[in-house]
There are 2 protein chains.
Amino acid sequence: MKAAFDAFRSLGHPATRGRGEILRILAESVIPLSPREIRERIPDPKPDASTVYRNLTLMVSLGLVRSVALHERSRRYETATDGTHRHSVVCRRCGRIESFQPKKCDLSRIESDIRGTLGFDVTDHSLEFFGSCADCEGKRGRR
Amino acid sequence: MKAAFDAFRSLGHPATRGRGEILRILAESVIPLSPREIRERIPDPKPDASTVYRNLTLMVSLGLVRSVALHERSRRYETATDGTHRHSVVCRRCGRIESFQPKKCDLSRIESDIRGTLGFDVTDHSLEFFGSCADCEGKRGRR
DNA sequence: TCCTTAGATGCAAATATATTGCATTCGCAA
DNA sequence: TTGCGAATGCAATATATTTGCATCTAAGGA
């Protein structure tokens with residue numbers, strides 16, 4: 001967890017326990033977490049919820065964390081420090097979430113088309129999949 | 001707008017003015033709209049906000065409308081009746097949104113991989129791009 | 001190690017967004 | 001035209017997020 005602290009210091013922000021905990025929790029999770037879930041996993045004494053929000057915002061702007069939108073009421077966050085990029089798969093029936101690293105995520109063609117037609121310089125994208133997980137799939141029709 | 005009314009009736013739901021207006025407004029918009037924006041565009045007398053929410057939820061479940069998550073506080077909605085599928089591009093600087101129809105959106109490879117590795121039956125996906133629009137791009141560094 | 005200070009935190013209050021219960025009204029099929 | 005089940009308005013409530021401000025703390029310098 002030393003690395004987490006250095007990440008903040010080297011970017012000119014004090015390293016606090018809460019910040020370290022948030023990064024640790026996100027690094028340990030295999031799926032993106034909501035601010036509430038993150039806070040619940042921090043051992044007591046927990047930081048105030050507002051602190052968690054403020055830190056997540058900061059971390060996103062520093063590029064340490066990425067926000068993910070899974071069509072829920074709140075946003076989720078995932079670690080971005082490992083340079084990887086994950087996509088989430090959400091079950092529309094039970095809400096189960098899984099994340100995976102794409103073998104190759106080649107959207108560069110689309111991104112260059114966007115630059116050409118809309119003049120946007122695309123820096124990143126967000127891709128989520130929705131459907132039914134294996135369990136719910138098996139139960140289909142049994143309602 | 002007759003079509004909109006028939007869409008509801010044929011699905012077993014009464015066609016009301018509010019429902020027709022919501023579908024019309026979404027069909028006329030070139031970008032996804034938030035519930036608030038949709039309601040603002042409905043001529044007086046406007047339906048109650050709760051009615052707008054209830055109807056959007058219904059329309060999503062009927063497949064008439066699709067929800068889009070652009071990493072904002074609220075969800076946005078777009079028409080789904082034309083069978084097309086759009087992707088949004090969001091400017092991180094000014095918030096400007098543009099939508100486009102992908103020439104070809106071939107994520108079927110990824111989707112079949114997902115079925116194979118995670119056992120999920122993927123029925124749809126959501127893809128958004130983020131970056132800087134042409135205007136903001138031009139202003140870069142001029143802060 | 002102690003001191004200083006910019007920045008971080010806790011707490012409370014304010015907003016924004018979304019949902020729900022219930023009485024009333026409306027769409028539409030007979 | 002009438003009756004019923006579904007839709008709506010309204011008010012209350014829930015949830016998510018943001019903000020002001022007083023206090024506390026991390027981290028560099030003396």
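Note on ring orientation: taking the six-membered ring where Trp is involved, the planes of His85(A) and His125(A) are perpendicular (angle over 60°, cut-offs 30° and 60°).
Among the nucleotides dT17(C), dA27(D), dC22(C), the one closest to the side chain of Arg54(B) is dC22(C). Of the listed nucleotides (dT17(C), dA26(D), dT9(C)), dT9(C) has the atom at the smallest distance from the side chain of Asn55(A). Of all nucleotides listed (dA26(D), dT18(D), dA18(C)), dA26(D) comes nearest to the side chain of Pro14(A). Closest to the side chain of Thr51(A), from the set dT18(D), dG10(C), dT17(C), is dG10(C). Of the candidates dT17(D), dT8(D), dC28(C), the closest approach to any side-chain atom of Arg75(A) belongs to dT17(D). Closest contact between the side chain of Ser50(B) and the listed nucleotides dA27(D), dC10(D), dT17(D) involves dC10(D). For Arg73(A), counting side-chain heavy atoms from C-beta on, the closest listed nucleotide (dA7(D), dA8(C), dA14(D)) is dA14(D).
Residues Thr57(B) and Thr16(B) each lie close to DNA chain C; by heavy-atom proximity, the contact nearer the 5' end of the strand is made by Thr57(B). Where Gly12(B) and Asp48(B) meet DNA chain D, the nucleotide closest to each residue was compared, and Gly12(B) sits on the side nearer the 5' end.
Listed here is the closest heavy atom pair of Ser67(A) and Val60(A): N-CG2, 4.4 Å.
As judged by a 4.0 angstrom heavy-atom cut-off over every strand, Ala15(B) is placed among residues touching the sugar-phosphate backbone only.
A salt bridge links Arg17(B) with Glu21(B); the closest basic N to acidic carboxylate O contact falls under 4.0 Å. Looking at Glu111(A) and Arg109(A), no side-chain N of the basic residue comes within less than 4.0 Å of a carboxylate O on the acidic one, giving no salt bridge.
In this structure, His71(A) atom NE2 and dA18(C) atom C1' are separated by 17 Å, rounded to whole Å. Taking atom CZ on Arg17(B) and atom P on dC28(C), their separation rounds to 15 Å, with Å as the unit. In this structure, Phe5(A) atom CZ and dA26(D) atom P are separated by 9 Å, rounded to whole Å. Here dA6(D) presents its P atom at 11 Å from CZ of Arg19(B), a figure rounded to the nearest Å. Asp44(A) places its CG atom 15 Å from the C1' atom of dG10(C), with the value rounded to the nearest Å. Between the OH atom of Tyr53(A) and the P atom of dT9(C) there is a distance of 16 Å, given to the nearest Å. One atom, CZ of Arg9(A), and another, C1' of dG7(C), lie 14 Å apart when rounded to the nearest Å. Nucleotide dG28(D) holds its C1' atom 17 Å from the NE2 atom of His13(A), rounded to whole Å.
For the pair Phe100(B)/Thr117(A), no side-chain contact is recorded, criterion being any heavy-atom separation below 4.5 Å from C-beta on.
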